[in-house]
Amino acid sequence: MTELIMGHNAGVKRALDSMKELLAIYKNVIGNYRPLLNGERYLTDKEVSSILKVSRRTLQVYRNNGVLPYIPLGGKILYRERDLEDLLQRCYHSAWIVAV
């Protein structure tokens with residue numbers, strides 16, 4: 001006996017839902033993909049402000065005060081990912097171990 005495969009079939013519905021989930025994951029990965037340029041990744045001020053949880057105005061203050069290196073390019077500001085990681089490493093403070 002041949003069964004007609006319909007959208008209301010539970011197995012078909014699960015398969016379609018799984019495909020939709022995979023498509024959403026794929027779109028997220030592709031949407032966030034940043035190709036390397038000579039081994040470096042460059043981030044926009046919007047991305048950096050989101051990573052550091054600071055406003056874009058605060059990033060401007062960091063630039064003006066020489067805290068964070070940047071690249072001005074055609075009206076946009078770019079940051080090397082490596083420079084951001086270096087800044088975070090320099091500002092890192094280890095936890096204190098208190099003897100009880």
Side-chain angles (χ1 to χ4, degrees):
M1 181 169 156
T2 305
E3 183 181 344
L4 184 59
I5 299 174
M6 302 291 288
H8 63 273
N9 179 297
V12 172
K13 185 164 176 33
R14 280 193 307 273
L16 290 173
D17 289 343
S18 293
M19 284 189 248
K20 287 178 185 176
E21 288 176 28
L22 285 173
L23 181 60
I25 292 168
Y26 172 77
K27 285 181 178 180
N28 186 35
V29 168
I30 294 300
N32 293 324
Y33 175 71
R34 290 260 179 213
L36 297 177
L37 181 60
N38 291 331
E40 295 281 352
R41 277 199 171 87
Y42 294 88
L43 305 170
T44 64
D45 60 337
K46 186 176 180 182
E47 292 169 320
V48 173
S49 68
S50 175
I51 291 168
L52 295 179
K53 308 289 190 258
V54 298
S55 70
R56 292 164 83 180
R57 174 70 177 114
T58 298
L59 287 180
Q60 183 178 354
V61 171
Y62 290 171
R63 289 194 306 268
N64 293 346
N65 293 336
V67 173
L68 186 60
Y70 65 96
I71 301 164
L73 184 64
K76 290 195 90 160
I77 302 295
L78 299 176
Y79 302 87
R80 280 192 306 208
E81 189 175 52
R82 178 172 43 103
D83 291 337
L84 184 60
E85 291 170 2
D86 290 345
L87 173 68
L88 293 174
Q89 281 298 328
R90 286 193 313 269
C91 294
Y92 181 79
H93 293 276
S94 297
W96 296 7
I97 299 175
V98 179
V100 182

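Only this structure's heavy atoms are used, side chains among them; waters, hydrogens and symmetry mates stay out.
Following chains of ILVMFWY side-chain contacts shorter than 4.5 Å, one cannot reach L88 starting from Y92, and the two form parts of different hydrophobic clusters.
The side chain to side chain contact (heavy atoms under 4.5 Å, CB included) search around R14 returns A10, not counting sequence neighbours. With sequence neighbours excluded, the residues forming a side chain to side chain contact (heavy atoms under 4.5 Å, CB included) with L87 are V67, L68, R90, C91, listed by chain and number.
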Using residues 77-86 as the side-chain source, report each donor-acceptor pair under 3.5 Å to any protein atom, sequence neighbours left out, with the distance given to one decimal.
{"unit_1": "Y79", "atom_1": "OH", "unit_2": "R63", "atom_2": "NH1", "d": "2.6"}
{"unit_1": "R80", "atom_1": "NE", "unit_2": "D83", "atom_2": "OD2", "d": "3.1"}
{"unit_1": "R80", "atom_1": "NH2", "unit_2": "D83", "atom_2": "OD1", "d": "3.3"}
{"unit_1": "R80", "atom_1": "NH2", "unit_2": "D83", "atom_2": "OD2", "d": "3.3"}
{"unit_1": "R82", "atom_1": "NE", "unit_2": "E40", "atom_2": "OE2", "d": "2.9"}
{"unit_1": "R82", "atom_1": "NH2", "unit_2": "E40", "atom_2": "OE2", "d": "2.7"}

Side chains of residues 49-59: which donor-acceptor partners sit under 3.5 Å, not counting sequence neighbours?
{"unit_1": "S49", "atom_1": "OG", "unit_2": "D45", "atom_2": "O", "d": "3.2"}
{"unit_1": "S49", "atom_1": "OG", "unit_2": "K46", "atom_2": "O", "d": "2.9"}
{"unit_1": "K53", "atom_1": "NZ", "unit_2": "S50", "atom_2": "O", "d": "3.2"}
{"unit_1": "S55", "atom_1": "OG", "unit_2": "R57", "atom_2": "N", "d": "3.4"}
{"unit_1": "S55", "atom_1": "OG", "unit_2": "T58", "atom_2": "N", "d": "3.0"}
{"unit_1": "S55", "atom_1": "OG", "unit_2": "T58", "atom_2": "OG1", "d": "3.0"}
{"unit_1": "R56", "atom_1": "NE", "unit_2": "D45", "atom_2": "OD2", "d": "3.2"}
{"unit_1": "R56", "atom_1": "NH2", "unit_2": "D45", "atom_2": "OD1", "d": "3.3"}
{"unit_1": "R56", "atom_1": "NH2", "unit_2": "D45", "atom_2": "OD2", "d": "3.4"}
{"unit_1": "R57", "atom_1": "NH1", "unit_2": "Q60", "atom_2": "OE1", "d": "3.4"}

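Sequence neighbours left out, not one pair with a member in residues 64-77 passes side-chain hydrogen bond (donor to acceptor under 3.5 Å, both in side chains).
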